[in-house]
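Everything on this sheet refers to the single structure shown next.
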Amino acid sequence: MNILEEIAASVVAGVQTLYGQETPAEKVALSPTRKEFEGDYTVVVFPYTKAAKKKPADIGEDLGKYIVENSPNINAYNVINGFLNLSVDSSYWTGVLETVAANDNYGQAAPNGKKIMVEYSSPNTNKPLHLGHIRNILLGWSSSMIYQATGYEVIKVQIVNDRGIAICRSMLAWLRFGEGETPESSGMKGDHFVGKYYVKFNTEFVKEYAEWQMTDQAKAVFEEKKKEGQDEAAFFKAYKNDYFNEYSYLGREAKEMLVKWEANDPEVRALWRKMNDWVLGGFDKTYDSLGVTFDKLYFESDTYLLGKELIEKGLEEGVLFKDGKRVWTDLSNIGMQKKTILKSDGTSTYTSQDLGTAQMRYNDYQAEKVVYVVGDEQISHFQGVFEILKRLKEPYADGLYHLAYGMVDLPTGRMKSREGTVVDADDLVAEVIGAAKADAIERGEIVDMPVAEQEDTFRKIGLGALKYFILKVNSKKRMVFNPQESVETQGNTGPYIQYAYVRCSGVARKAPEINMAASTDYNDLQPQEKELILKISQFPAEIANAAKEYDPSILAAFSYDLAKGYNKFYHDINILKSENEAAMAFRLKLSAVVARTLKSSMALLGIEMPARM
RNA sequence: GGACCCAUAGCUCAGCUGGAUAGAGCAGCUCACUUCUAAUGAGCAGGCCUCAGGUUCGAAUCCUGAUGGGUUCACCA
């Protein structure tokens with residue numbers, strides 16, 4: 001039983017004994033005491049006024065006396081304005097520290113025998129990863145780590161969107177303009193290489209479109225289809241997609257390629273495989289640089305035809321309906337309209353595909369929970385998919401969760417590929433590490449380290465800054481990514497937290513040989529020390545909350561608060577000049593536990609700690 | 001037209017199930033390094049918590065409505 005439960009139980013018993021009122025323990029309003037008052041925890045006594053028929057101040061007195069008498073760890077109380085402030089005996093806190101220090105796996109729950117699948121990243125194979133993917137990847141990885149800490153077996157997967165017209169565009173551009181160039185021959189990373197041809201296709205297409213607009217055919221189309229008062233420029237801007245489908249030479253070729261791909265044409269398939277391998281090779285390097293891994297990759301090219309089984313079942317059970325070849329259902333109960341599941345030519349849709357994929361993955365792993373880390377623009381898509389699976393009474397339907405995160409904007413507005421403002425993932429990683437390096441070299445603190453270790457430290461600091469900057473924001477909110485601020489190392493940043501850790505390491509390194517068991521004789525607990533122990537004691541609850549809320553930012557805030565508390569403590573109290581052996585042993589132990597807790601909580605964000613910086 | 005998300009200091013963000021005088025960081029202005037690394041600490045200044053109602057002993061938090069911003073649904077993935 002922790003101290004909060006102990007107090008709550010005591011309040012329940014007190015209210016029962018004194019006033020004969022039943023209150024559930026979770027209804028007890030209990031919060032940390034504001035620092036301007038004496039005490040550790042505050043009980044709000046207003047809720048008991050009716051049963052007690054007394055003034056809040058008197059209730060506070062009654063309850064305070066009762067709790068101090070009956071609760072061994074509470075040694076004092078005071079009442080202010082109907083708030084009952086309770087003081088916890090300092091031996092309780094020092095006891096907590098000893099307990100935590102003795103637990104090497106503090107924060108890691110025992111395996112619960114359950115599986116959770118986390119799907120994240122899920123890129124398209126026609127261009128490199130960008131800042132938006134980074135947010136996705138960090139959220140996916142962090143969620144995975146958090147679930148692991150709460151006892152789940154985590155299966156990390158991604159769905160690679162490796163088919164469709166987009167990849168055909170890159171393929172076509174490479175065939176026509178590539179002259180046999182490869183990532184090796186050009187010295188480019190595979191994903192950037194393929195992305196180059198995707199861009200090439202578009203520039204060629206735009207050129208072709210501009211030329212077409214001069215033709216008589218284009219003039220005729222404009223005259224025939226223009227809307228009221230629409231001028232030529234506006235019309236052609238809006239008509240681009242139709243042009244691609246109706247008249248474009250390049251468009252026709254790309255579409256023919258897609259048809260051949262679907263017909264399993266050996267040549268097209270070979271080219272497709274080659275270019276996909278290039279891209280995936282490039283992605284692997286990016287994942288590696290970010291320190292993330294996957295247990296299993298699903299390829300859209302394997303899954304896009306799935307779902308037939310579920311659709312049959314749905315039709316039989318009257319959950320889905322059929323008009324000719326088209327299959328649809330009505331989702332008006334969740335604020336949507338009729339949803340097409342198979343098109344009128346009988347071909348698949350995004351929905352049918354996701355239905356099939358969900359079933360396939362359940363067959364593969366029987367995970368009771370699945371977290372889809374996908375941008376919030378797809379909220380209604382997933383609502384639809386989950387709703388249909390529920391109606392089909394699929395056994396896994398209730399465990400599906402869409403972790404929807406907001407878009408990442410730049411200070412200048414949103415990223416637009418057309419305006420070249422998309423922040424490339426690899427460039428960004430290189431940049432933050434470079435900034436960390438420049439900073440560290442200027443400080444000159446680690447110049448005596450072997451070069452490889454230095455490089456490793458720069459990487460940890462740079463990535464620490466970047467990851468923390470992104471993960472500290474509540475995932476469901478849209479966020480502004482300021483490149484300058486993302487490499488800052490002061491204030492509420494990753495490196496600030498790393499620095500607190502480095503201070504812990506430094507103290508441990510310089511500590512004299514003393515009898516650590518003497519820590520239990522320490523009995524002059526300082527407020528700064530109590531703050532730290534209190535914070536550390538909340539770690540497991542914070543992890544549980546982060547898991548429940550699907551929100552790593554909770555742990556970012558926790559890490560920052562703990563680091564801040566340690567920096568304050570470090571500043572106010574000189575550990576190595578402690579008044580006696582007991583105090584020094586206690587503080588060294590506290591310092592070590594802070595270090596371990598910081599390391600664990602940052603690991604849940606995917607952030608590593610340097611030993612020195 | 002329907003559905004969903006967001007709105008807190010100049011900027012970027014916290015604020016858990018309703019609780020005392022709404023918190024951090026950055027930017028601005030002070031102060032503290034012969035000290036276990038100042039990537040630090042202490043302080044000043046900065047707020048009609050978008051607005052209007054409602055519930056309550058008590059609302060940034062819950063409910064209703066409005067305004068502003070964003071997303072989405074109507075056989076693309």
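Letters A, B, ... are given to chains in the order of the sequence lines, protein chains preceding strands, and every chain is numbered from 1. Everything numeric here is computed off the predicted structure, so don't read it as measured data.
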May I have the list of side-chain donor-acceptor pairs in residues 503-513 of chain A shorter than 3.5 Å, sequence neighbours left out?
{"from": "Arg503(A)", "atom 1": "NH1", "to": "Asn567(A)", "atom 2": "OD1", "distance (Å)": "2.8"}
{"from": "Ser505(A)", "atom 1": "OG", "to": "Tyr501(A)", "atom 2": "O", "distance (Å)": "3.1"}

Identify each donor-acceptor pair in which a side-chain atom of residues 333-340 of chain A lies under 3.5 Å from a protein atom, sequence neighbours left out, and give them as a table.
{"from": "Asn333(A)", "atom 1": "OD1", "to": "Arg391(A)", "atom 2": "NH2", "distance (Å)": "2.8"}
{"from": "Asn333(A)", "atom 1": "ND2", "to": "Glu387(A)", "atom 2": "OE2", "distance (Å)": "3.1"}
{"from": "Thr340(A)", "atom 1": "OG1", "to": "Arg326(A)", "atom 2": "NE", "distance (Å)": "3.2"}
{"from": "Thr340(A)", "atom 1": "OG1", "to": "Arg326(A)", "atom 2": "NH2", "distance (Å)": "2.9"}

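Among residue pairs with one or both ends in residues 327-347 of chain A, those qualifying as ring-ring contact (aromatic ring centres under 6.0 Å, His included) are Phe321(A)-Trp328(A); sequence neighbours excluded. Note on residues 458-489 of chain A: pairs passing ring-ring contact (aromatic ring centres under 6.0 Å, His included), not counting sequence neighbours, are Phe469(A)-Phe481(A).
Boundaries of the chain A contact region on RNA chain B are G1(B) to A77(B), first to last in 5' to 3' order (nucleotide atom under 4.0 Å from a heavy atom).
Applying the salt bridge (charged side-chain N to carboxylate O under 4.0 Å, His left out) test to Arg443(A) and every residue at least two apart in sequence or in another chain returns Asp439(A). Every residue meeting the salt bridge (charged side-chain N to carboxylate O under 4.0 Å, His left out) condition with Lys416(A), not counting sequence neighbours, appears here in chain and number order: Glu419(A). By the salt bridge (charged side-chain N to carboxylate O under 4.0 Å, His left out) test, Lys437(A) is found to be paired with Glu455(A), residues two or more places apart in sequence or in another chain being considered. Every residue two or more places apart in sequence or in another chain that forms a salt bridge (charged side-chain N to carboxylate O under 4.0 Å, His left out) with Asp448(A) is listed here: Arg612(A).
The strand RNA chain B forms stems, runs of 3 or more Watson-Crick or G-U wobble pairs with distances below 3.5 Å, at B:1-7 with B:67-73, B:10-13 with B:23-26, B:28-32 with B:40-44, B:50-54 with B:62-66.
Counting any heavy atom pair closer than 4.0 Å across all strands shown, Asn85(A) reaches a base atom. Residue Thr349(A) is classed as a sugar-phosphate contact, given heavy-atom separations below 4.0 Å to backbone atoms only.
In the model, Gln158(A) has no side-chain atom that pairs as donor or acceptor with a side-chain atom of Glu119(A) under 3.5 Å.
At a non-hydrogen distance threshold of 4.0 Å, Val502(A), Arg503(A), Val507(A), Lys510(A) from residues 502-512 of chain A come into contact with RNA chain B. Taking a 4.0 Å limit (strictly below) on heavy-atom distances, residues 574-593 of chain A reaches RNA chain B at Asn574(A), Ile575(A), Leu576(A).
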